[in-house]
Each structure stands twice: as structure tokens, then as C-alpha cells.
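Just so we're on the same page: letters track the sequence lines, and every chain starts at 1.
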Amino acid sequence: MADSEIPLVVRDLHKSFKDVSVLNGLSLEAHEGDVITLIGASGSGKSTFLRCMNLLEVPDAGDIIVHGEPVAFKQHNKTREPASWKQVERIRSRLAMVFQGFNLWAHMSLIGNVIEAPIHVLGVPRRQARERGMALLERVGLADRADYFPAQLSGGQQQRGAIARALAVDPEVLLFDEPTSALDPELVGDVLAVMRELADEGRTMVVVTHEMDFARDVSSQVIYLHEGRIEEAGAPADVLKKPNSPRLQQFLAPRF
Amino acid sequence: MEQWLTQVAPFLSDNLIFTPNTLAQYWDGLVNTVQLVFISLVVGLFLAVPLAVGRASRRVWLNVPIWLFNYVFRGTPLLIQLYIAYYGFAFIDGVQDSAFAFFINDPVYPALLAFTLNTAAYTTEIFVGAIRATPQGELEAARAYGMSAATAYRRVVLPSAFRRALPAYGNEVIFMLHASAIASAVTITDLTGAAYYVYARFYSPFPAFIFVALVYMLLSFVLQGGFKVLETRMLRHLKPA
Amino acid sequence: MFDFQGYGPRLLEGAWLTAELAVLSLIAALVIGLMVASAKSSRSMTLKSVATVYTTLIRGVPDLVMMMLLFYGGQIGMNMATDGLNAWLGTDMFINVNAFAAGVVTLGVIYGAYMSETFRGAFLAVDAGQMEAARAYGMSPWLAFRRVRFPLMMRHALPGINNNWLVLLKSTALVSIIGLSDMVYVADQATKATHQPFLFMLPVGLGYLAITAVSELVVTGLKRRFDVGFSQAT
């Protein structure tokens, strides 16, 4: 299949911080409707990998190709930089990210958060953005909270709001960075339910998570990372049920 | 050293501005500035202690007038306060022949009065803030050991408040040094007055003012360093071991 | 109420000049402060050290000395510049340094240094995730600053800005020493002429307290504006 038909292709990413190399040649292809979960111990590089995909971290080497458009890089004082931040901004607006800490803008109401990027980045007319934003809040079950501020919402509500914000830019790929790790256990379910629905309707998603049930039930592909390398990857039925690598076996073993 | 001197000597002999005469002028200015600032700060500090205690008290007849005093002195320019002290007495009929004549004959006295009251107002507020920040537990402990309210205040509240107030007071001292530059507006030849004199005489603002700016900066850094040392000594107990 | 012996209109003009000077200097100081704070948090070592030297210099020198240097020196510097240009171009220009402009520039340059410290602290107080989300949604640096960093930062900066503003307001009195007719200058002239210091100095002092009171209202309004999303927390 040609790259131009694939929403997100990542090839051979390398990244180090100071002298510690965090990513050692990671690749991934997210086809239309794929749900790819990245699992691994903390420090395995899974969050950095995800953050490289929308250039929140700039990889030292490797390619990122969004619907056939490769991100251009240049060398600057021995460090690699995107050649055009304009291009990066455009690409970022097509890959929406949901953060572990929600990162809803604290000074804007929930609906304000949802319509911010459509209006100011994509240039959607305010009325249209608002209508669509309200529909999205309805979807995540927060229509009655539209005018609340983030600080007035529970963690689970904030994260569902953040998912509505992500959907509002009509992203080609949704990036989730441990979306349930900062939540109280009783709030995790609501957020996961919304994510399952999105997967069911065929959204392309890349999810960093510790939720093994979600990885098993929802994903089309599971990637297990260890020290910045892909230790094992494949369908959840293979990777999670019959792991080959001893490290993955140990990782999946019940803790108690 | 030798080499340095041979390089500097022609500069000194060539320049028309920094002659022994003008350097003496600057020196007198320095002495006047230091005297003014030092005396105002010391007297202001002594006034501020009782004022702060009164301002922190719950007695309205005590804390409201002090609040008003502070509000007025901190809310209006020191220059206005200086002019009021300077002209206010000079134009009273009969002062010239009274025992207060010394006060109007030398502008240093009105300047001292204005500066002292001004720094007293600022210092009072600094202390009040520090007194209010006293941990309740410290006071309770003092009372639990049988100290009277007054003793607890003297032995526990004030010493700990003074320590906490030190950084802010350090800023006030430097602020006062800089504010004292307006003394030149009432004909006192302080550092700034000396610089103005040199500027006016040679019509060369850059050497005149840059030199005096360096002197102020040096004084500021010395004061800052002094307070740093004092802080590390007196606030040692607040640092993690 | 008071008989200002004919100085009434000039006092009012002086008060207006004080207010104008204070507000324009405040704007200059805010702009300079933001730029210097950005320079301090930038990755360029050159920008950082220039900004640090600037704030250290300003904070070590009295306002009045700085003002005299820029005002008296500014004219001579300008003359030297125009002389040079004249010699080169064969023209005959002369630019008079306007005392009011010099006052605004001086106060802006001085209080810009203090503002930069306020802004730097406020920048650091904004949760990094807020800016990260802005970048992740494709905002350009300027858009992210305008829509996210600035409104969030202002909440933390407001008390410091208010403090600097109150000090700046009182510092405007210094321009009377370099001959600008603000209200202190008028009061000084009137006092010398009429020998009635209290009649002129006290109302001028009240004038400062009045400007402070008005600005207090503005600050309360702004505080409410920038507290949106924080004070209503349940």
C-alpha cells in the first residue's frame, strides 16, 4: 500500500536525551481504523515515542509521514529541527493528542476548550464550531457541563472533555498518552467506554496505556516496548495471550 | 601593576573632568549620601518596631492611626514629603528667630525628617507582615510554658519576625539608598548632587552620571552582599540541614 | 474649597500630565518587561546575558540618576548622532529631545526591568502542560502566547504588576526635577511664589492617593477577569 493512503507512518525513530538513548529505531504504521496500543514498563520509551509522532519531541533520526506527507527536517548546530514549524503546526492539527494530565486550558470553559483549535487554528466559523462542539460534548456525556471550567470538573469529566477537544479538530489519528493513569480507579471506566466507542466507529488511534483489558479487547495491534526497542508486536491475541519474549511474559504476569 | 599605571596615568592626566577637585566633590557627595541614608534608616528602624507592634494589635485606636500614617507615607512620593518638610517649616513666620532655626538653615534636617518617617512607614509594614506570619504553634508553645503575653511577644514573636523580615528589609535599605538621590532637589550636595554639579560644569553628562551610577551600584552590591551574609547567618534555622 | 491663588488650572494640567506620563510609562514598561522576560527564558545565551546585565544595571542605580543620564545624555547623544549624519549627508538637522518622551522612555526602561522579573516568575508559574496542549493542537508560538500563556500568566503577574505600577506612579514625581511640569513641579513653583507649601503640596499628595484609588478599582476588575476558571473551583 502506498504511504499516501496510510494515515500515519513512522520509520526508524531514534531519540536520546543528553547521552541516554531513549528510542532505538522504532517504526509503526497506523492504517485507517487501526487501534495500536503501546505497552511497556515505565522508561521503555512509549510516551516519548508517542510525543515524537506530533513533534512535541523532535526525533534525532527517522521519518514521520502523515498521509503521504513526510515531515521535513534540517540540521541546526548539530541538532535536528523541523525544517518548517508551519508544516509541523499543520500536521499537529491533524493528529490530536489526549494527555495523561488532561491539560485542558484552565482559563477557558469546557466548550471554550473544545472550540479553541477549530476557530483559531483551523479557521472554522465560531457558530459552526460551537454547534459541532456541543454535539461532541453530548457524545462524551458532558453537554450539561459545557460552561463549566476545568477546575469545576472531576478528573474523569476533564478527560472526556479533553477527548471531545481532540475530536473537534477532526483528526486523522488520535494520540492517547496514558489517558487513564491520572484518574481515580472509579473514574477510569467512563473514559475507557468513550475510547471503546471511538474504536468501534473506526477511528485511527495510537494509545499508550497500562490498561491490559483495553489493549486486549479493543486494539488491532499491540506493541511491547523495552528500552526503546520493539520487543514484540502483533495481534493482541498473539502478543498478550502467547508472549514469546520472557520479558513480556514477566511484564504480563500477575503482580500479586 | 606598573604596566596598568602607565596605561591609566595618561588617561587621568589627559581628562579634564575627573580632577582632584571634582573627585573631592564626589567624595563629599558620598559622605552626605551615606550619612543621610544611615541616620534615616537607624532612626526609622527604631520607630518601626513600636509602630509595627501597635499596627499588629487589635486595638482600633492604636492600629488605625498607624495604618493611616503608613498609607499616606507609602502612597505619596517621597519627593512631596521632602518638599513639605523642607518648605513647610521654612515658611512658618518667626521660625527664623526661634530655637528651630537650625532646622531650616540646613536642608539636611528636613531631608532627614522626611526620609526617616518614610522608611519608618515602609519598615513598619514589613514588620507587621512578618509578625502576622508567626506560626501559631510558636506562640502557643510560649504560652504553654507559662510566658506572659508580653514576654512571649518579646522573646518569641519579635525575634522570629525580625528574622523573617530580613530579606524584605534588605530591599528597603537599597530602596532608601536610591531614593535618597532626591536630596539633591533641596540643594543638598549628595552623590547625585555632585554628579549634577560636574555635569553642569563640563556639560558632559555621560562621565558625570555614569561614574555616579557606578558608585551607587557598588554601594548597592555591598549592601546586598551584607544582607546575604546576615540572612545566611540568621535564617540558618530555616534551611534544610 | 481651596483658593489656589490662580494656580488651579496649572495644577490640573500638571495632574493630567502625571496621569498621562504614568500610564504611558506603564505601557512601555509592560512591553519592555515582556520582551526582557522572554529573552531571559529563551535558549540563546546572548539574549539571556544581555537581559540579565540590563536588569542588574537598572536595579543598582537610582531612578533619578538614570533619568538624568538619559535625559541630559540623550540630548547630547542625539546631537552627536545628528552632527555625524549632517557631516555625512551635508544636511543641517537638529532633533530636540522632548522632555516628556524622555520621561516615558526612562520610566519605561527602569520599570521594564522590574516588570521582567515579575513576568519571568509568572511564566514559570504556568503549568507546562497548558502550553504543551497548545502546541499539540497546532497553535503557532504567537497564537499560543496570546490565547494560552498570556491569560494564564497574568493571574500570577497581576500582584507584581500592581506593586511596580504603584512605585512607578510615585516615581513620576522625579520628572519635576528635570523640568517637566507635572503636578509636583507646579506645586513646587507655586510654593516658591506664594510661600504656602501646605496649600499646594497636600492636595498634590491627595492627587497621588486618588490615582492609586482609581487604579485599585481597575486592578480588582482585571483580577476578576484573569481569575476566570480558578476562583470558581468547586
Side chain from CB out, backbone as N, CA, C, O: work out which of these in [X] comes under 4.5 Å of a heavy atom of chain B, or both, or neither.
X: C:S171; answer: neither
X: C:I211; answer: neither
X: C:L166; answer: neither

Using the rule given for side-chain contact (heavy atoms from CB on, under 4.5 Å), can you reason through B:Y87 versus C:K192, listing the C-alpha separation, both sets of side-chain angles and the distance that settles it, and then say yes or no? CA-CA 8 Å; B:Y87 295 125; C:K192 280 175 182 152; 3.1 Å; yes

Pair B:Y203 + C:Y72: ring centers closer than 6.0 Å: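 When the ring centroids of B:Y203 and C:Y72 are compared, they turn out to be at least 6.0 Å apart.
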
With chain B, which of C:P62, C:G77, C:G73, C:G205 has the greatest number of heavy-atom pairs at distances under 4.5 Å?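 Of the candidates given, the most pairs with chain B belong to C:P62.
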
Do B:I84 and C:L202 come close enough that some side-chain heavy atom pair is under 4.5 Å? yes

Using a cut-off of 6.0 Å, state whether more than 12 heavy atoms not belonging to [X] lie near its atom [atom1].
X: B:Y199; atom1: OH; answer: yes
X: B:F227; atom1: CZ; answer: yes
X: B:F38; atom1: CZ; answer: no

Give, for atom [atom1] of [X] and atom [atom2] of [Y], the distance between the pair rounded to the nearest 0.5 Å.
X: C:L209; Y: B:T76; atom1: CG; atom2: OG1; value: 6.0 Å
X: B:Y216; Y: C:M66; atom1: OH; atom2: CE; value: 13.5 Å
X: C:M201; Y: B:L82; atom1: CE; atom2: CG; value: 9.0 Å

Exercise: identify the closest heavy-atom pair between [X] and [Y]:
X: C:I76; Y: B:P205; result: CD1-CD, 3.1 Å
X: C:V61; Y: B:H178; result: N-CE1, 3.7 Å
X: C:K170; Y: B:R74; result: NZ-O, 2.5 Å
X: B:G75; Y: C:Y208; result: O-CB, 3.8 Å
X: C:A173; Y: B:L79; result: O-CD2, 3.4 Å
X: B:G88; Y: C:P197; result: CA-CG, 3.6 Å

Please classify the contact of [X] with chain C as side chain, backbone, both or neither, using a heavy-atom distance under 4.5 Å.
X: B:A195; result: neither
X: B:Y196; result: side chain
X: B:S184; result: side chain

Go through B:Y83 and C:T191 one step at a time and tell me if the side-chain contact (heavy atoms from CB on, under 4.5 Å) criterion holds. CA-CA 9 Å; B:Y83 280 152; C:T191 300; over 6 Å; no

